[in-house]
Each structure stands twice: as C-alpha cells, then as structure tokens.
Amino acid sequence: MAILDRSASPEDINSVVEAWLDQHWDSEKRCAKGEDSYDEKAWLTKVFEAGFCVPSWPTEYYGLGLSQKQSGIIEKAFAKRKAQGSARDRFHLGAITVFKVGSEELKRAMLPVMLTGPICCLLYSEPNAGSDLAGVRTKAIPDGDDFIITGQKIWTSNAQEAEYGMLLTRTDWDVPKHRGITFFLFPMKQDGVEVKPINQITGESEFNEVFITEARVPASHIIGNLNEGWTSFQTAIAYERLIMGQGITERRGKSKADSEPQLITLARKYEKYDDPTVRQKIAQALAYRELNGLNMQRAKQEIMTNGSSSLMSLGKLAMSRVQHGEAAIATDLLGNAALLDGDDYPDAANINFDAAKAYMNSIGGGTDQIQKNIIAERVLNLPKEPDLDRDVAFRDVKSS
Amino acid sequence: MAILDRSASPEDINSVVEAWLDQHWDSEKRCAKGEDSYDEKAWLTKVFEAGFCVPSWPTEYYGLGLSQKQSGIIEKAFAKRKAQGSARDRFHLGAITVFKVGSEELKRAMLPVMLTGPICCLLYSEPNAGSDLAGVRTKAIPDGDDFIITGQKIWTSNAQEAEYGMLLTRTDWDVPKHRGITFFLFPMKQDGVEVKPINQITGESEFNEVFITEARVPASHIIGNLNEGWTSFQTAIAYERLIMGQGITERRGKSKADSEPQLITLARKYEKYDDPTVRQKIAQALAYRELNGLNMQRAKQEIMTNGSSSLMSLGKLAMSRVQHGEAAIATDLLGNAALLDGDDYPDAANINFDAAKAYMNSIGGGTDQIQKNIIAERVLNLPKEPDLDRDVAFRDVKSS
Amino acid sequence: MSQISDEDRQALRDGFSRYLEAEADQEKLRAGIASDRGYDNSIWQQMAEMGLLGIAISEDFDGVGGGATDVALVMEEVGRKLVPVPFASTCVVAAEMIARFVPDPIKQDLLQKIAAGQLTVSIGGTGDFVSLSDDGHSLSAELSGDSWVMNGQVSFVSHAGVADYHLLGLKEDGVDSAYLVTASDAVSAERLSTNDPAQRLFTLNFSDAEAIKLEDMDAEGINQVRMRGVAAVAAEQAGATRAIFDITMEYLRTRYQFGRPIGSFQAIKHMAADLLVEVESGTSAALAAAKALDSGSSSAEKFVSLAAFTCKDAFRTVSAQAIQMHGGIAYTEEHIAHLYWRRARAGLSLFGSSDEHREHYLKSREAA
Amino acid sequence: MSQISDEDRQALRDGFSRYLEAEADQEKLRAGIASDRGYDNSIWQQMAEMGLLGIAISEDFDGVGGGATDVALVMEEVGRKLVPVPFASTCVVAAEMIARFVPDPIKQDLLQKIAAGQLTVSIGGTGDFVSLSDDGHSLSAELSGDSWVMNGQVSFVSHAGVADYHLLGLKEDGVDSAYLVTASDAVSAERLSTNDPAQRLFTLNFSDAEAIKLEDMDAEGINQVRMRGVAAVAAEQAGATRAIFDITMEYLRTRYQFGRPIGSFQAIKHMAADLLVEVESGTSAALAAAKALDSGSSSAEKFVSLAAFTCKDAFRTVSAQAIQMHGGIAYTEEHIAHLYWRRARAGLSLFGSSDEHREHYLKSREAA
C-alpha cells in the first residue's frame with residue numbers, strides 16, 4: 001500500500017482511501033463494517049486514527065501533511081460512500097481554530113477529543129452585540145484554575161448536540177472593547193448552561209439562545225491568551241465567512257452544477273419559460289451564481305499560488321445577491337402557487353423556504369453591511385471609519 | 001381694472017396681466033412695444049415696477065402680496081408670450097436669499113438692482129471644498145468699510161453675465177468650520193476677478209472657475225451676519241435643491257407631459273417597441289418620472305397646507321434615478337446609432353448629452369450622497385454621524 | 001365621486017387610526033390570525049359601527065357614499081396594522097359587483113348587511129374582478145328550473161371558510177359571468193396551508209348549490225370594479241409599507257452597536273433614504289389612482305396600473321430590506337417584520353403581477 | 001490551445017504592462033486620439049516588436065501561436081490604458097478569418113505583415129464576425145472576369161481611415177460571405193463624428209474596388225472567429241473596468257472632505273465593495289471565456305456569452321459610478337473618468353447587446 005504523503009499521486013491516494021473504506025465502511029448500512037448501526041464516536045475515532053479527519057494537517061497534529069488538493073481526493077471518496085468524518089480540517093471550525101491559535105497544551109489535550117466528537121457550537125453573538133461582536137458582555141471571572149461564566153448568547157447552532165462551544169467573553173471592562181476579551185473552549189454539558197431553541201422565519205429552529213449562569217471553564221481552555229481573545233477570534237470568523245461564501249448555507253438537495261437549474265425547471269413547469277422578460281431575469285440570476293463560482297475558483301487558484309486571496313471575501317456578499325435574487329424570481333414564477341406552503345405544495349414550500357433562508361447568508365455570520373466594511377477596508381484599503389468606542393473603556397461604551 | 005391682491009380671482013389676475021402685456025410687450029418681436037430690440041435692463045425695470053417680478057412678495061418689498069397660486073397665473077401669462085422677468089421670486093436665488101435673510105439696508109439697496117439685472121452667480125464650491133461646502137478657504141479680510149477677497153471658486157454658472165455673486169468666504173480660521181464663514185453679495189465686475197470656463201463632459205461650458213485676487217466687497221454686502229454665513233447660506237442652498245428636484249436641470253425642449261415620451265418615440269423609431277423586455281424597462285422609467293411628479297404634487301399640496309414638506313427633499317434624489325435611467329435605456333434603444341454624435345445625428349447627440357447631463361443632477365448642487373445624508377438626518381431623524389471636524393479650529397482640519 | 005367632505009374624511013381616518021393604534025397591536029394581530037375566523041371580529045364590528053364597512057356603499061343602502069379615496073384611507077390604515085379583515089373583497093369588490101349587477105330587493109338586503117357588518121363575501125373563480133384568479137377551477141353553473149345551481153371546485157378563495165356568500169366568476173369564450181352562492185351544506189370549504197399565516201385561502205366544493213346569477217354584466221362595469229379592487233389593495237400595501245418602514249426607522253434610532261445608534265452609520269442612512277423614495281412613491285401612486293377613479297378621469301386606467309406595480313414593488317422591497325436592517329432579531333418568528341414581508345409576498349399576484357401591470361401601464365399611457 | 005507556457009505568458013504580460021505604464025499615460029492617450037491615425041503608432045510598433053500583434057497567429061506565419069488566453073492578457077492591458085489600437089479587429093478577427101478562409105500565398109503574406117505591424121485591417125458589413133454590424137449597408141460584390149469587384153456603401157467601420165485592407169461581410173438569404181478589399185482610390189473613407197473620441201468610425205464608399213473573396217466559409221468556423229472577437233473585447237472591458245476602479249479607489253483614499261478621506265465614509269465604502277464584485281466578475285468571466293475557447297470546451301459558447309454581457313455591464317456600471325464617486329472633477333473634460341465611461345458606452349453594442357448575450361447565454365446553457 002502506498003504511503004500517503006505530499007509525494008503521493010492522486011491515484012495512489014484514491015486507491016489507499018478506497019481500500020481503507022472498503023475495509024472499514026459499510027456503504028449499504030451506512031455504518032462501520034460489522035456493526036448494526038452508526039456509532040458516531042467509534043467511527044470518527046477510526047477515521048481520526050487513520051489520519052483522514054484532518055489530512056492537510058501535519059502528522060504530529062493528527063494529520064497526514066497532504067496538500068489541499070490531495071485532501072480533496074479523500075473528501076470525495078468519503079462523500080461518494082456517504083461516510084462521515086473526513087475534511088474536518090475544512091469544516092470543524094472549533095478544531096481549526098484550536099489548531100491555528102491554541103496553545104500546545106490545549107491542542108494535545110483537546111484536538112483528539114474535538115475531532116472525534118460533534119462540531120463545536122459558536123457562542124459569539126449576544127442580544128446586544130450582534131454585528132458588533134466585540135461588544136460582548138458575557139462575564140468571565142477567574143476563580144482558582146477556572147473561570148466562572150455568566151451571560152447570554154444567541155444565534156448558536158448545534159447548541160444541543162455540541163460538547164464544546166467557542167465562547168467569547170469579557171475579562172477586562174476597564175480597557176477599550178477589543179482589549180478585554182477572552183476566547184474559551186467552553187464545555188457545554190454542565191449545570192448552568194440552558195439551551196432554548198429560536199423559532200426562525202424559515203420554520204426551522206437551527207439556532208438557540210444559550211443562557212449561561214455561573215458555569216465553569218478551566219483557564220487552560222483559553223484559546224490564545226487572556227484578554228487577547230479578539231485576535232484568536234479573527235481566525236475563527238474568517239473561516240466561517242469563507243465557508244458561507246461557498247454557499248454551504250443553502251438547503252441540501254439543491255440542483256447540482258450539471259443538472260438543470262431550479263429556476264429553469266420552475267419556469268418550464270409554470271409555463272413562463274418563453275417569456276423574454278422572465279428569460280432575461282433567469283439568465284442574469286444564473287449568471288450571478290456562475291460568476292461567483294468563477295470568482296471562487298480564481299480565489300482557490302490564488303490561494304494555491306500565493307497562500308491567500310482577497311477574492312475569497314467577496315463570496316459571501318455575492319451569495320446574498322444570488323440567493324435573494326433567485327428566490328424572488330422563483331416566487332414570481334409560481335404566481336398564485338407561491339401563496340401556499342407545506343408538504344402538499346413542495347414547490348411553494350421550497351421557494352418560500354429559500355426566500356427566508358437567504359437572510360441566513362445576508363445577516364448570519366456578519367451582515368452584508370459588515371462584510372462590505374471588511375471588503376472596503378481590508379481588500380480595498382479604504383481608510384477606516386472613526387471608531388467611537390475604540391479608545392473608550394468598555395464599561396463607558398454607549399449601548400441600546 | 002381690478003386691483004391685484006390676495007382677494008383677486010384667477011380670472012381677474014389673468015386679465016390684468018394680459019392687458020399689461022398687451023400694452024407693453026411685443027410678442028412678435030420679443031421686446032418691449034415700440035422698441036426694435038430687446039433691452040433686458042429696461043424691460044426688467046418695467047416688469048419690476050409693475051410688481052410682476054416678485055408677485056408673491058409683500059408690496060413693501062417690490063411685490064404684490066399674492067399667493068403662490070396667484071403668482072403662477074402671472075408666470076404662465078408671461079411664459080405664453082415668452083416674456084422674461086416674472087417669477088423671479090421662484091428662480092432668482094440671489095434675490096430670494098437677500099429677501100429672506102438680508103439686512104433691511106441690503107434689501108433696500110440691492111433688491112431693485114438685483115431684480116432688474118441678471119441672476120446672481122453662486123460662488124460656493126472650491127477645488128478642495130466640493131461636497132464639503134463649509135470647508136471654504138477663500139479668505140475675506142476686513143479693510144476699512146470693505147473686505148478684501150482672495151481665493152478660487154469653481155462650478156460657477158453665469159459667472160460671465162452675473163453682476164453679483166453669492167460668495168461664501170472664511171473670515172475666522174480659529175473656530176470650527178461652520179462658525180467662521182461669512183456670506184457676501186459680491187460685485188463681479190471689478191479687477192481681481194477672473195472667469196475661466198470649464199469644459200464639461202456634456203460638451204457645454206456652462207460652469208466656470210472664478211479666480212479672485214484681492215477683490216473688494218463692502219461690509220454692508222454681508223448677507224446675514226459676520227461669521228454666521230453658514231446659516232444664511234442654508235436658505236440659498238435649500239432653494240437651489242428645490243429647483244433641481246423639479247427637473248429644471250433638464251435640457252430644454254424635452255417632451256411635455258401630454259406629448260409622447262421620448263423613450264416611446266425612440267423605441268418606435270428604432271423598432272424595439274414590441275420587445276417585451278424593452279417595454280418593461282420603458283414602463284418602469286416612465287413610472288419613476290411620473291411618481292416623482294406625483295410626489296412633488298403632494299409636496300406642493302403639503303406646503304400650501306402646512307408651509308413645508310419633507311417630500312420636497314426627495315425630488316432631486318429621485319430625479320437622478322429618472323435621468324440616469326432614461327439615458328441608459330435610450331442608449332440601448334439606439335444601439336449602434338448611439339455611437340455617433342453631433343448635429344448630423346440628433347438622436348445620438350441628444351441621448352449622449354442626456355447621459356452626461358444626468359450627472360449635473362446627481363453631482364451638482366450636492367451629490368446624491370450628500371442628499372441622502374440630508375434626507376436621513378433631517379427627514380427621517382436618524383442620528384447624525386460623528387463629525388470629525390465640527391469641534392476643531394478650521395486651520396487644524398485635515399485636507400487633501 | 002365621494003359624498004364625504006375633506007374634513008369628515010380626515011376625522012374618519014383619525015378616529016380609525018386611533019382605534020387601531022389602541023386595539024390592533026401585534027398580540028391581537030397574532031391572536032386574530034390564530035383564531036378560527038382568521039381575524040379579530042371585534043375590529044370588523046367596530047369598523048361597521050364607524051361606518052367604514054359601508055364606505056363604498058351608496059347612502060340609499062345605509063352606506064356612506066364614499067369613493068375610492070375613502071376606501072384608500074381605510075385600506076391604508078388596515079395595511080399599517082396588517083389587520084387581515086376581508087374588507088377589500090366584501091366591502092369593495094363584492095359591494096361594487098352587487099351594486100352594479102344584482103337587482104333589488106336582493107341588492108338592498110346584501111348591501112345593507114355588508115354595511116352593518118352582518119355579512120362577508122368571498123370571491124373566487126376567474127374574471128377581471130377576481131383578485132386571485134383560479135384558472136384551473138372546475139366550476140359550472142346550470143339552470144335547474146328557474147334557478148341556477150353550481151357544481152365543481154374552485155381554489156384560492158380568500159376567507160371563504162367564514163364567508164356568508166361566495167361570489168364566483170366564470171369565463172366562457174371570453175365572456176364573463178358571475179354567481180352568488182350562499183354558504184350552506186351544499187358548499188364545503190377546505191383550508192389551504194399558506195405561507196402568510198394571515199392569509200386564509202380555501203378550496204370550495206359545490207354540489208348542486210343554489211346560485212344567483214348576476215345580470216347585465218358589462219365589460220366597462222367589471223373593469224371599474226377591478227380598478228377599485230386594485231386601487232384598494234395598492235392603498236393597503238402603501239400603508240403597510242410605511243408602517244414597516246417606520247418600525248425600522250425607530251429601530252435604527254434606538255439600537256446601538258459599536259457605541260452608536262446603527263442609524264448613525266452612513267450606509268444604513270443611505271439605504272433608508274432610498275427606501276423613503278419607495279415609501280412615498282407608493283403613497284403617491286395609491287392616492288393618484290383613487291383620485292383618478294373618483295374624478296372619472298380617462299387616466300384612471302393608467303394610474304391604477306401605476307399604483308398596482310409601484311405599491312407591490314415598494315412593499316416587497318421595503319419589507320425585505322426591513323429584515324436586513326433589523327439583522328438577526330427579524331430572522332425570528334416572534335419579531336413582526338416577517339409578517340409584513342410575508343404580506344408583501346402574498347400581494348405579488350393579487351390582480352396580476354407587477355410585470356403585467358407595468359405592461360398595462362405602458363399600454364394605457366398610449367391610449368390616454 | 002496556446003503554444004505559450006504560463007511563465008512566458010506572465011513575462012509577456014509584465015513586459016507589456018510595464019511598457020504601457022511608462023509610455024501610455026493620459027497625455028499620450030489624448031495626443032493619439034487627436035492624431036490622424038487615432039492612436040499612437042509607436043505603441044502599435046512596440047507591440048509588433050514584443051510579438052503581441054502575432055499572438056493569435058500561428059508560428060508558421062511568424063506569429064507566436066498563442067490562444068484566446070494570450071489574446072485576453074494583451075486586451076486587458078490595452079483596456080487598462082484605453083489604448084485605442086485596432087488590435088481586436090486586425091490581430092484577432094481579421095487574423096482568424098484570414099487564417100481560416102484565405103488561401104496561401106495571400107494568407108501567408110497578410111498574416112506575416114499583421115504580425116510585423118505592417119498592416120491593419122478594418123472590418124465592416126454584416127455577419128457574425130463583424131463587431132459593429134451595419135445592416136443598412138448597400139454593398140454588393142460581383143464577378144468581373146476572374147476577380148470580384150465591390151460597390152456600394154457601408155458604415156460603422158472602425159479605424160477604416162488608415163486601414164490597409166477592409167474585410168467586409170455580406171449576408172444573403174442567411175448565407176455569409178466575406179471579401180477583402182485593399183485600400184485604394186476605389187475606396188473612399190468618410191469619418192463619422194462619434195461620442196467616444198477614441199472611437200474612429202467611418203463610412204466607406206466603394207466604386208469597382210477589387211476584392212478577394214474568402215473561401216469555404218463554414219458556420220462553425222465563423223462562429224469560432226466571432227467567439228474569439230467577443231472574448232477579446234470582453235477582456236479589454238475587464239481590464240478597463242479594473243483600471244477606472246483602481247483610479248477611483250486611489251481618489252477615495254486621498255481626497256479629503258469634512259476633515260476625512262472620502263473613502264472613509266461608509267456609504268462610499270459600500271458602493272466600492274459592491275463595485276469590486278462587478279470588477280472581479282468581469283475578470284473572471286473574461287478569463288473563463290478565453291480558457292473555454294483554448295480548451296475547445298463545449299461550454300465555450302456559454303462562457304463567451306457570459307463574458308460578453310458581464311464585462312459590458314460591469315464596465316458600464318463601474319465607469320458610471322466612478323464619475324459619481326469622483327464628484328464634480330469627473331464632470332470636466334480634462335479628467336480621465338469620462339473617457340472610460342465613453343468607452344464603456346461605445347462597447348455596449350459590440351457583437352450584440354447585453355440583453356442579446358444574456359438570452360444567448362441561457363440558450364447555450366440548455367444546449368450544454
């Protein structure tokens with residue numbers, strides 16, 4: 001069997017992974033071979049031990065030291081058989097952040113746990129700190145080797161399932177806001193943590209409010225350094241936006257690149273595909289989606305060549321136009337039928353869901369407005385706006 | 001003959017004005033009866049003495065004390081015969097400003113001169129103070145009963161013809177910018193005033209640069225008070241924006257409300273009027289224009305009822321969308337033909353002119369961006385942005 | 001022409017507005033939506049008491065003899081609070097159809113009851129006066145002895161579950177006919193699941209239901225009814241657009257982020273200024289349509305179309321941007337913004353799409 | 001497929017870019033525009049020397065054997081500086097037409113001369129390969145003995161005043177034909193007054209001008225030429241879009257108003273961020289079209305249409321907003337912004353309108 005390292009050819013990698021999956025994964029039953037049902041922890045541990053969880057990370061950190069391109073081959077092989085656990089170096093935000101900015105101790109202690117467990121939840125936003133994430137008011141007070149946490153978080157997905165949350169807290173109230181923040185890897189399964197689902201306009205409840213009352217987190221679980229949490233947090237949020245720009249917030253089962261786009265299908269079905277005005281709208285909508293794809297391809301190319309790409313930051317913003325635009329056109333295509341909803345009317349249910357869900361991209365993970373600030377300041381080097389609260393002790397900052 | 005006052009009926013007013021014009025104006029020759037050519041000063045003096053220049057002003061200030069509606073009858077009667085000089089209470093910005101905020105002395109001395117002369121030019125903008133008009137750097141230094149003026153102004157129309165200009169100057173450099181400004185009625189016909197036409201992208205040169213080098217203006221020509229020019233200036237700029245919102249920046253000879261809109265004419269001529277996509281665009285463009293007209297009608301109604309209307313401030317902004325939008329559609333209608341220009345290709349010349357001229361509305365008299373700030377802050381009561389230069393002595397304000 | 005003086009009209013509006021401000025808050029709105037009827041019947045009865053239900057009905061039939069402008073003011077207020085009462089269907093379209101095409105004494109009886117709040121009418125089928133056309137219906141009307149009986153099925157009928165009458169349009173070979181059917185055992189209503197919870201849509205099944213056929217229906221008369229329906233809906237949308245805009249502006253003034261009210265950020269201000277143009281254009285267009293109808297102007301057709309697409313589009317844009325400007329809070333079911341947004345979306349196909357009205361606007365400009 | 005390696009391509013681009021940066025400033029641009037030729041011939045000759053004029057010409061004829069991607073890089077750089085050279089017409093469309101449909105030895109002679117900068121070709125008439133179609137021409141070609149002679153008039157012919165050859169398309173009963181005519185006394189060129197001063201358009205009059213008829217013209221071959229023309233123009237627009245955007249961003253960073261750089265105002269920032277999406281989309285689309293052509297992909301048709309309307313629209317939007325963001329200074333003739341804006345407007349009808357390309361894009365998505 002070929003050794004998986006940077007020198008391995010795509011074919012070698014593929015055959016190693018296929019062989020491994022043949023040996024360990026039952027594609028029929030969708031669980032480990034020889035088992036009757038899927039045991040997540042056990043399966044992820046197998047994947048982790050084989051190095052497939054985070055193939056692009058170095059071998060000393062549980063990976064295989066492969067390139068992104070090589071890793072993609074592993075991801076594809078897993079996806080083909082619907083096997084979980086690969087590509088956690090691309091999607092496990094918590095593990096990525098700890099890997100990038102955590103202390104050696106934290107990495108050794110927690111990465112194996114995290115990579116073989118559910119993904120982390122994100123304890124960032126608060127009712128009074130939505131766009132202004134640095135305005136956090138959740139308190140962390142040192143107490144022996146621990147910190148005691150009290151506060152309220154909102155917009156937390158996976159809060160029920162998560163074993164750990166990435167928690168933004170305030171540890172110093174007497175310095176300007178960015179300088180008194182500490183970022184924790186916070187254990188969710190403890191007293192003092194209450195999770196309450198939010199009813200969303202999509203009909204889903206993927207997000208929660210999290211009420212934290214005198215819960216504890218060890219000081220060793222600080223990600224980065226005390227009071228320097230804002231810096232560590234930048235790593236986490238950058239990855240989140242990158243993931244959103246790839247359109248991963250979209251509903252599953254969306255038509256694939258090579259199949260007929262949903263708008264065309266609907267236009268045919270509702271007998272409007274011959275209307276020149278409709279055709280113009282559909283063409284432009286499809287173009288926006290395709291252009292964003294092309295921009296993201298260029299971004300990936302640039303990242304491979306230069307290690308970074310300013311284009312990447314455009315993806316999430318462009319995706320707002322794509323999603324809101326497509327939903328609006330689809331609504332018009334349906335006409336009366338769009339008034340309905342529910343399982344009996346799947347077209348209506350789909351497009352109404354899409355129309356609401358589009359706000360997930362344009363508001364969630366930083367609104368379009370925040371994203372435009374970032375593009376203007378970081379990509380275009382336009383001068384920053386004067387910050388009214390930057391040099392003020394946080395306790396003196398004005399709030400609602 | 002009926003007396004022209006508030007109690008006069010529309011019919012009475014009309015018959016008085018018609019009779020006066022019959023007596024004094026030769027519609028054939030377009031000059032005063034009995035003359036061979038048009039002598040502006042002489043004619044305007046006649047109109048002024050009859051009170052028709054500023055019919056809505058009180059009789060003690062050279063008017064007739066009529067309502068706006070009554071004044072409109074006079075304006076129409078003049079317009080019908082293409083006689084100049086009426087409605088200067090609506091369009092002579094200089095006279096209006098002096099009337100509204102000038103001292104008694106200035107009004108008495110200058111209104112008769114101004115109303116019987118050409119309209120004033122506006123000496124506001126400077127190369128380094130475009131949108132930020134309060135950032136003026138033209139110096140006014142007291143010298144006996146006069147001030148000595150040195151500086152450069154730009155975007156001044158009618159600078160050649162004007163006998164007087166409305167001049168914004170800085171008289172105190174040690175206070176924040178809005179508090180050291182003085183507004184003058186400045187005599188243009190003197191040494192030290194050099195006017196240089198600007199070549200504009202429309203092909204016109206309606207604007208000029210004005211270089212002022214140690215020219216003089218009497219202290220009695222201050223409009224309002226020393227160092228309080230910003231307040232007086234607000235009156236002048238408000239009227240200017242009001243006039244622009246009415247679409248007065250548009251090229252003359254534009255089709256009238258009741259005739260076929262230019263876009264329809266062009267669409268027919270270039271055989272695209274049956275294209276449903278084109279029809280949608282044209283319909284929306286015509287709608288934007290009609291809606292702005294309806295908004296302005298409501299504004300006028302509100303002004304008649306309440307004395308003011310917040311709607312008025314929308315006109316200029318909405319007109320940008322109308323003008324840029326119509327020009328873009330017209331360009332597309334012409335196709336190849338739009339590439340041409342000049343007298344041999346009047347359609348192309350017209351639409352190319354319109355496309356460039358649209359910037360006159362969206363940039364001139366305060367850009368759309370400035371206008372949106374005004375609407376947001378004054379109409380919608382959204383909180384002001386922090387002013388970086390508001391509390392700083394003007395000499396310490398940062399500039400390009 | 002309206003029989004109501006300008007002062008009376010303003011007083012009517014003020015009174016209704018004060019009442020709704022006090023009685024039609026979000027809690028009551030949601031309770032009304034969740035109720036069997038779909039709306040708060042006490043509001044409907046209060047509207048009857050204030051004379052609003054008979055605003056478009058002649059004084060001869062206990063109405064107020066108002067015109068389209070009066071209807072518009074009621075609809076604007078109704079729209080502001082999203083009150084999902086069947087005013088446009090019962091008191092505008094049905095009342096107009098009955099007044100024009102139903103003979104006495106039935107006409108008198110029905111109009112008096114509408115004005116008194118004793119009767120609502122749902123509208124379905126096909127035809128210019130039907131706001132949500134169901135071209136796929138299987139309705140048929142047949143003479144059985146002296147009277148007409150109705151059979152078949154029709155969908156997209158608003159508020160049909162509690163309506164006392166159903167007014168049904170049929171189109172055969174381009175000719176419009178319409179029938180009034182009393183709610184009875186011969187008619188069953190099945191509720192449809194809708195995206196806007198305030199919108200009550202039903203499928204109606206008729207089995208040998210007795211029907212009254214409307215008489216002497218002329219195209220011009222039907223078009224007048226249609227235009228009044230379109231203008232009423234446009235006014236409702238204009239009112240709702242302004243309301244969600246006002247809610248948003250208030251939020252911008254009071255919500256702090258980065259140590260400042262978010263309304264002090266210039267990009268947000270500019271969005272707000274742009275939206276104000278839409279809000280005011282909606283109001284102006286709805287008003288112009290109503291006035292043109294009241295004055296019998298030949299431009300009515302044009303202004304009604306203008307109002308239709310302007311108000312639909314303004315409501316859609318402003319309510320969609322309202323969610324964006326609120327941020328996360330408006331992504332929750334408990335915030336009111338999405339109810340405005342859903343209503344805006346529910347109005348997109350009422351009496352035809354924006355694109356269709358834009359085309360019609362262009363055509364009627366040529367004709368005018 | 002391109003015969004040029006990635007490194008060589010980058011080196012070529014860098015060299016050309018450095019040259020233009022040094023030699024193609026605004027002053028030279030305006031001087032070129034004002035000259036008889038309409039562009040600075042020294043730039044054209046330098047392009048010949050750098051091998052750029054033969055970039056799309058086979059090595060067999062002294063060209064470089066490059067592909068659409070190589071053409072795109074030249075056009076992007078040309079676009080950045082608005083250099084109004086007849087590259088797309090002579091070195092792309094004419095060179096491709098000659099390579100395909102003109103027999104040796106004429107082919108060899110013409111292509112060698114094009115690559116050497118000794119010959120330019122203007123293009124007019126009707127047909128898919130003609131960028132500015134003049135459907136109203138009165139051209140006719142007739143056999144006179146062994147050779148063809150051309151008579152009549154054609155308009156919208158770019159750079160025809162100084163061209164050495166005119167390539168003229170005719171369409172009869174849907175069948176394309178094309179003719180090459182040498183500049184001679186039998187051809188007179190009358191300059192048309194244009195809105196973009198950098199655009200040189202002419203009306204040509206032919207009286208018994210001798211012509212070479214192109215041979216074996218097949219629809220697929222012509223379509224390939226058309227696509228290469230469209231892709232070249234798109235790349236030029238993408239480059240120009242980015243250039244005027246960069247100029248504007250620099251202004252925003254350095255122009256102070258209200259005591260701050262205007263680029264620090266949030267509303268301006270947001271406009272800039274939105275425009276960046278257009279700029280990058282233009283670049284990506286132009287690149288994708290070129291790559292699809294080079295790889296012979298069946299999606300080439302789709303990507304070429306996408307590039308066409310995306311780059312037209314992006315250039316139009318960005319250059320128009322650039323004037324707005326500059327404010328008054330860009331309303332003057334002496335500022336460069338309006339030259340970009342005029343170029344954008346001049347490109348709107350090249351090879352068809354945006355709407356037409358959007359429709360074609362949708363159609364070719366279905367076909368792909």
Side-chain angles (χ1 to χ4, degrees), chain A residues 125 127-132 134-135 154-155 177 198-203 205 207 275 277-278 281 320 324 328 331-332 334-345 348-349 351-353 355-356 358-360 362-364 367-369 372-373 385 387-390 392 396-400, chain C residues 131-136 155-156 158 192-197 199 201 251 253-262 264-268 271 316-317 320-321 323-335 337-339 341-342 344-350 352-356 358-359:
Chain A
S125 294
N128 276 311
S131 289
D132 179 17
I154 195 169
W155 304 120
K177 65 178 187 176
I198 297 170
N199 295 319
Q200 296 153 216
I201 61 172
T202 54
S205 291
F207 294 112
D275 179 332
T277 306
V278 168
K281 290 180 191 171
S320 290
H324 283 294
T331 304
D332 292 341
L334 262 64
N336 278 2
L339 301 172
L340 305 177
D341 215 329
D343 293 342
D344 292 346
Y345 311 104
I351 65 110
N352 288 325
F353 175 87
Y359 287 104
M360 176 68 201
S362 66
I363 292 175
T367 61
D368 282 356
Q369 284 65 44
K372 288 183 196 180
N373 285 348
E385 268 206 296
D387 263 337
L388 288 193
D389 54 355
R390 181 162 286 271
V392 180
D396 299 326
V397 168
K398 284 187 195 157
S399 67
S400 314
Chain C
S131 54
L132 275 174
S133 184
D134 177 14
D135 294 321
S155 203
F156 293 106
S158 196
L192 300 167
S193 148
T194 55
N195 184 248
D196 177 6
Q199 189 175 43
L201 293 182
Y251 186 73
R253 289 183 207 109
T254 51
R255 166 83 171 172
Y256 277 68
Q257 296 274 280
F258 305 99
R260 353 184 334 196
I262 55 177
S264 73
F265 284 100
Q266 200 190 34
I268 301 291
M271 287 168 78
R316 181 184 213 175
T317 303
Q321 291 290 346
I323 296 180
Q324 183 66 30
M325 290 166 98
H326 274 87
I329 187 72
Y331 194 64
T332 66
E333 205 282 331
E334 68 178 325
H335 194 275
H338 76 102
L339 292 178
W341 177 71
R342 284 179 207 281
R345 286 165 48 82
L348 293 174
S349 50
L350 285 177
S353 70
S354 281
D355 283 1
E356 285 159 357
R358 244 186 305 275
E359 170 61 32

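All of these numbers come straight from a predicted model, not from anything done at the bench. The basis for the numbers below is simple: all heavy atoms, side chains too, and nothing from hydrogens, waters or symmetry mates.
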Between A:Asn199 and C:Glu334, is a side-chain contact (heavy atoms from CB on, under 4.5 Å) present by the stated rule, with each step listed? CA-CA 7 Å; A:Asn199 295 319; C:Glu334 68 178 325; over 6 Å; no
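- For the pair C:Phe156/A:Leu340, a side-chain contact is recorded, criterion being any heavy-atom separation below 4.5 Å from C-beta on.
- Closest non-hydrogen pair, A:Thr202 versus C:Tyr331, comes out as CG2-OH, 3.4 Å.
- The part of C:Leu348 that comes within reach of chain A is its side chain, from C-beta onward, which places non-hydrogen atoms under 4.5 angstrom from that chain.
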Begin with the C-alpha distance, continue with both residues' side-chain angles, and end with the deciding distance and a verdict on side-chain contact (heavy atoms from CB on, under 4.5 Å) for C:Arg255 and A:Asn128. CA-CA 8 Å; C:Arg255 166 83 171 172; A:Asn128 276 311; 3.9 Å; yes
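- Ranking C:Gln324, C:Arg260, C:Arg316, C:Gln199 against chain A, the residue ahead of the rest is C:Gln324, based on heavy-atom pairs under 4.5 Å.
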Going through the distances and angles, do C:Arg342 and A:Asn352 end up as a side-chain hydrogen bond (donor to acceptor under 3.5 Å, both in side chains)? CA-CA 9 Å; C:Arg342 284 179 207 281; A:Asn352 288 325; over 6 Å; no
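- When each of A:Val397, A:Asp344, A:Leu339 is checked for heavy-atom pairs under 4.5 Å with chain C, A:Leu339 comes out on top.
- With hydrogens and angles ignored, the 3.5 Å screen pairs no side-chain donor or acceptor of A:Tyr359 with any backbone N or O of C:Gly327.
- From C:His326, atom NE2 reaches atom OG1 of A:Thr367 across 14.0 Å, with rounding to the nearest 0.5 Å.
- In this structure, C:Glu333 contributes its side chain and A:Gln200 its backbone to no donor-acceptor pair below 3.5 Å.
- Side-chain contact check for C:Leu192 versus A:Tyr345: some heavy-atom pair is nearer than 4.5 Å.
- A distance-only check finds a donor-acceptor pair linking the side chain of A:Asn336 to the backbone of C:Ser133 [under 3.5 Å].
- Rounding to the nearest 0.5 angstrom, the gap separating the OG atom in A:Ser131 from the CD1 atom in C:Ile262 is 7.0 Å.
- Between A:Asp275 and C:Asp355, the closest side-chain pair of non-hydrogen atoms is not below 4.5 Å.
- Interface check for chain C: of the options A:Gly342, A:Ala348, A:Ala328, A:Ser125, the most heavy-atom pairs under 4.5 Å are formed by A:Ala328.
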Please evaluate residues C:Ser193 and A:Asp341 with respect to the criterion side-chain hydrogen bond (donor to acceptor under 3.5 Å, both in side chains), reporting the C-alpha separation (whole Å), side-chain torsions for both, the decisive distance (0.1 Å), and the verdict. CA-CA 5 Å; C:Ser193 148; A:Asp341 215 329; 5.6 Å; no
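- Between the A:Asp132 side chain and the C:Phe258 main chain, a donor and an acceptor come within less than 3.5 Å of each other.
- Going from atom CD1 of A:Ile201 over to atom OG1 of C:Thr332 covers 8.5 Å, rounded to the nearest 0.5 Å.
- With A:Gln369 contributing its side chain and C:Ala267 its backbone, the two residues share no donor-acceptor pair below 3.5 Å.
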